[in-house]
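First the structure, in the form of structure tokens, and then the observations on it.
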Amino acid sequence: LIEQGEIMSSSQVMPYSIFLGFVHKNIPPVGFPITHDHVTYAFWGLVALWTSTEFYGADLLVTVLSMVYPAWMSYKAENSGSYPKQWISYWIIFAAVFMLEFLDFIICYIPIFKTLKMGFFLWCMYPCQNNGAEVVYNGALKPALAALDAWVSSIKSPIVEFPKDD
């Protein structure tokens, strides 16, 4: 993790840090020093406000935040030939949350669901040890999928038969 006041190297640059650096350099003087932390908190506060009020484009914003960066990191991992467990776990969790959203009769009663979902996905993609993807996958989804795998493997005939290559 980056300590406060420490300069980040190019391998530690967070996805939004380029934008925040631009904003921080172009803020006019307001009478008190504005730090990188102020800009970061303001940015994520506005994003949380936007998604919690379900203003226009909130669904698009949450979808873009939860798909673009992980897709890019998965692409980079595939090109390098390594498959980090974080991104495999992330996509399994993403699929589970996507399937959960079809239970709209339950989801509609959860206040600020989009903000909670965005925060959850940001926690899952955060680059640190024991991030959300690993914690949720190892703690909840992996045991459930293992039980489901045993049940699916017990079925003798295939549900769908794919054509064989000649």
Side-chain angles (χ1 to χ4, degrees), residues 1-26 35-48 50-51 56-102 107 113-153 158-166:
L1 293 172
I2 306 298
E3 297 296 323
Q4 189 169 358
E6 185 179 334
I7 297 174
M8 293 190 292
S9 69
S10 61
S11 64
Q12 297 171 320
V13 172
M14 302 306 267
Y16 55 89
S17 65
I18 296 170
F19 169 75
L20 293 177
F22 173 79
V23 170
H24 187 265
K25 290 176 187 173
N26 295 305
T35 65
H36 190 268
D37 291 343
H38 290 123
V39 176
T40 303
Y41 298 147
F43 174 77
W44 287 114
L46 289 173
V47 168
W50 187 5
T51 56
Y56 295 110
D59 285 330
L60 177 66
L61 178 69
V62 171
T63 302
V64 166
L65 285 174
S66 63
M67 291 182 75
V68 172
Y69 179 69
W72 181 254
M73 294 306 291
S74 299
Y75 166 76
K76 287 176 64 175
E78 196 270 330
N79 278 347
S80 70
S82 67
Y83 297 98
K85 187 176 178 182
Q86 175 188 0
W87 299 117
I88 295 169
S89 302
Y90 179 87
W91 289 115
I92 293 171
I93 292 168
F94 184 85
V97 171
F98 184 76
M99 293 303 295
L100 178 72
E101 286 183 328
F102 281 105
I107 299 297
F113 175 74
K114 286 183 184 67
T115 307
L116 296 173
K117 178 180 149 185
M118 181 191 61
F120 175 71
F121 281 138
L122 288 173
W123 177 52
C124 287
M125 70 177 84
Y126 192 75
C128 67
Q129 288 182 334
N130 294 326
N131 63 7
E134 293 179 14
V135 169
V136 172
Y137 178 74
N138 290 331
L141 287 178
K142 191 173 184 179
L145 291 173
L148 185 63
D149 184 40
W151 176 74
V152 171
S153 298
I159 296 171
V160 176
E161 289 192 29
F162 295 101
K164 296 180 180 175
D165 294 332
D166 291 328

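Scope of the values below: all heavy atoms of this structure, side chains included, with no hydrogens, waters or symmetry mates. What you see is a predicted model, and the numbers here were worked out from it, not measured in a lab. Index from 1, following the sequence.
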| query | Could you go step by step and tell me if Met73 and Met125 meet the side-chain contact (heavy atoms from CB on, under 4.5 Å) rule? | reply | CA-CA 10 Å; Met73 294 306 291; Met125 70 177 84; over 6 Å; no
Rounded to the nearest 0.5 Å, what separates atom [atom1] in [X] from atom [atom2] in [Y]?
{"X": "Phe113", "Y": "Thr115", "atom1": "CZ", "atom2": "OG1", "value": "10.5 Å"}
{"X": "Glu78", "Y": "Trp87", "atom1": "CD", "atom2": "CH2", "value": "15.0 Å"}
{"X": "Ile93", "Y": "Ile88", "atom1": "CD1", "atom2": "CD1", "value": "12.0 Å"}

| message | Parallel, tilted or perpendicular: which one describes the rings of Phe94 and Trp91, with boundaries at 30° and 60°? | response |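 Phe94 vs Trp91 ring planes: perpendicular.
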| Could you give all pairs that pass the side chain to side chain donor-acceptor pair (under 3.5 Å) test and reach residues 133-143, with sequence neighbours left out? |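 Every pair satisfying side chain to side chain donor-acceptor pair (under 3.5 Å) with a residue in residues 133-143: Lys85-Asn138.
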| Looking at residues at least two apart in the chain, or sitting in another chain, which of them share a ring-ring contact (aromatic ring centres under 6.0 Å, His included) with Phe120? | none
| Validation row, ring centre Trp72 to ring centre Tyr69 under 6.0 Å | no
| said: Keeping Gln86 on the side-chain end and Cys124 on the backbone end, is there a donor-acceptor pair under 3.5 Å? | reply: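 Judged by distance alone, yes, a pair lies under 3.5 Å.
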Please find the pair of heavy atoms, one from [X] and one from [Y], that lie closest to each other, and give the distance.
{"X": "Lys114", "Y": "Val62", "value": "O-CG2, 3.9 Å"}
{"X": "Trp123", "Y": "Val136", "value": "CZ3-CG2, 4.0 Å"}
{"X": "Leu141", "Y": "Ile92", "value": "CD1-CG2, 4.2 Å"}

| query | When you look at CG of Asn79, are more than 12 heavy atoms from neighbouring residues, nucleotides or ligands closer to it than 6.0 Å? | reply |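 More than 12 heavy atoms, drawn from other residues, nucleotides or ligands, come within 6.0 Å of this atom.
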